[in-house]
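Worksheet: one structure, shown below.
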Amino acid sequence: MNPAGNFTYDVFVNDPPPQDGFLPNGEPKRFSPMASTLIYGNEDAVLTDPGMTADQARVLGDWVAGKARNLTDIFITHGHGDHWFAAGLLAERFGARVVASAGTIMQMHGSVAARPLLWDKLYQGIPPSPVTAVTVPDNRFTLEGHDLVIVDVGHADADDNSVLHVPDLGLVVAGDVIYNGVHMYLAQSAVGGFGPWRDAIDKVEALGPRHIVCGHQNRRLDDDAKRTIAETRQYLDDADELLRTENTAVGYFNAKIERYPDHLGRLILWVTARALYGVREHPGENVAKIILSSWL
Ligand SMILES: [Zn+2]
């Protein structure tokens, strides 16, 4: 995709798992596609965010195997289970180490605790997901001499997000800090607003990437850094505006679809709308509980 000598990367965007239920506009509930990045040299490779279910892990693993490289590490951008519950299966298949920031590892434990309340209620076939990730010294590791730098950027769609900066490729693997043609999960900004997320976007931009792989992207779109950063900022600005002008979750849901007719991931749009308006309409109630019930 972006050859720089014998050092390059490629992206695999998965298919969401089957799910029951319907959205307010009558379409079936469906999770967003999630992107995994394989960064590779002549012999070795590093994979990011390997997905959630055993089915996803098998398809992704076959794609990785087709690259005929030695998978040394699997890097996880943040703690949300859709990005890493299948990591153990891939780590075992390829004999790879799982790497994450200290903050991500902490959040992964929270996602394991949330599994029976959330993920296992919605999706079949999530494999056992013990947290085996380790940190690396100074948040850096290498692939055939090229630096891979873990950059902590703070709160975005979750707490303690990180991104992976690959300077020699002009690449940032941005997890869920930057989105590309997919509705953004804003529920965890219900308290405190989007200021911290905007700060996280600034930190990604300061790395000067030419290419950004987003955790959730439409596989038909390119990975242009300037466009994806600008569109992610615009989506937050639009959300702020619609939160002022729309009085209900359904109103917000419909208005976002009108503005973003081609965006994927309307389940996430609906969960977000329910959470943002649920928190607004029930001041003083437990925010985590409101967000959880927005999924179910
Ligand atoms: Zn995600």
Side-chain angles (χ1 to χ4, degrees), residues 11-17 19 29-37 47-53 56-57 60 74-87 90 98 100-101 103-112 114-115 118-120 122-123 126 129 131 133 150 152-164 172-190 194 196-197 200-201 204 212-219 221 223 228 231-232 235-236 239 260 263-276 291-292 294-295:
V11 178
F12 182 88
V13 180
N14 71 13
D15 291 320
Q19 181 169 357
K29 286 185 174 178
R30 196 155 158 76
F31 201 73
S32 306
M34 200 221 62
S36 304
T37 306
L47 180 68
T48 72
D49 286 358
M52 174 164 59
T53 67
Q56 290 176 332
L60 175 65
I74 298 172
F75 170 72
I76 313 296
T77 58
H78 67 294
H80 282 161
D82 55 313
H83 292 253
W84 72 270
F85 279 157
L90 275 298
V98 181
S101 70
T104 292
I105 292 172
M106 199 171 65
Q107 298 296 330
M108 290 167 101
H109 287 287
S111 289
V112 169
R115 261 192 71 162
L118 171 64
W119 300 100
D120 290 321
L122 298 179
Y123 304 109
I126 302 176
S129 53
V131 179
I150 302 168
D152 288 312
V153 297
H155 180 89
D157 82 318
D159 287 332
D160 299 315
N161 285 62
S162 72
V163 303
L164 190 66
V172 169
V173 178
D176 290 357
V177 179
I178 311 291
Y179 280 62
N180 190 357
V182 179
H183 287 289
M184 293 167 59
Y185 181 60
L186 310 180
Q188 291 182 230
S189 301
F194 305 132
W197 198 324
I201 296 170
V204 171
I212 291 180
V213 178
C214 301
H216 299 289
Q217 58 183 38
N218 183 330
R219 56 169 69 92
L221 298 173
D223 60 4
T228 52
E231 289 179 1
T232 300
Y235 192 97
L236 294 179
Y260 294 89
H263 263 41
L264 306 176
R266 289 176 179 174
L267 167 69
I268 292 304
L269 171 60
W270 179 230
V271 173
T272 288
R274 290 183 72 193
L276 294 177
I291 293 174
L292 181 63
S294 302
W295 282 91

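Nothing here was measured: the structure is a model prediction, and the numbers come from that model. Count residues from 1 along the sequence. Both counts, for ligands and for their atoms, begin at 1 and track the order of listing.
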Practice task
Write the atom name of the N, O or S atom in Asp82 that is nearest the Zn ion (ligand 1).
Solution key: OD2
Practice task
State, without any angle test, whether His78 and Asp176 hold a side-chain donor-acceptor pair at a distance under 3.5 Å.
Solution key: yes
Practice task
Provide the atom name of the closest N, O or S atom of Asp176 relative to the Zn ion (ligand 1).
Solution key: OD2
Handout entry: Criterion ring-ring contact (aromatic ring centres under 6.0 Å, His included) on His216 and His83, from CA distance to verdict
Key = CA-CA 10 Å; His216 299 289; His83 292 253; 5.0 Å; yes
Handout entry: Of all N/O/S atoms in His83, the name of the one nearest the Zn ion (ligand 1)
Key = NE2
Handout entry: Parallel, tilted or perpendicular: rings of Tyr235 and His263 (30°, 60°)
Key = parallel
Practice task
Report yes or no: do Asp49 and Thr77 form a side-chain donor-acceptor pair below 3.5 Å?
Solution key: yes
Problem - Any N, O or S atom of His80 closer than 2.8 Å to the Zn ion (ligand 1) - result: no
Practice task
Take the angle between the ring planes of His183 and Tyr260 and call it parallel below 30°, perpendicular above 60°, tilted in between.
Solution key: perpendicular
Problem - N/O/S from Asp157 sitting under 2.8 Å away from the Zn ion (ligand 1) - result: no
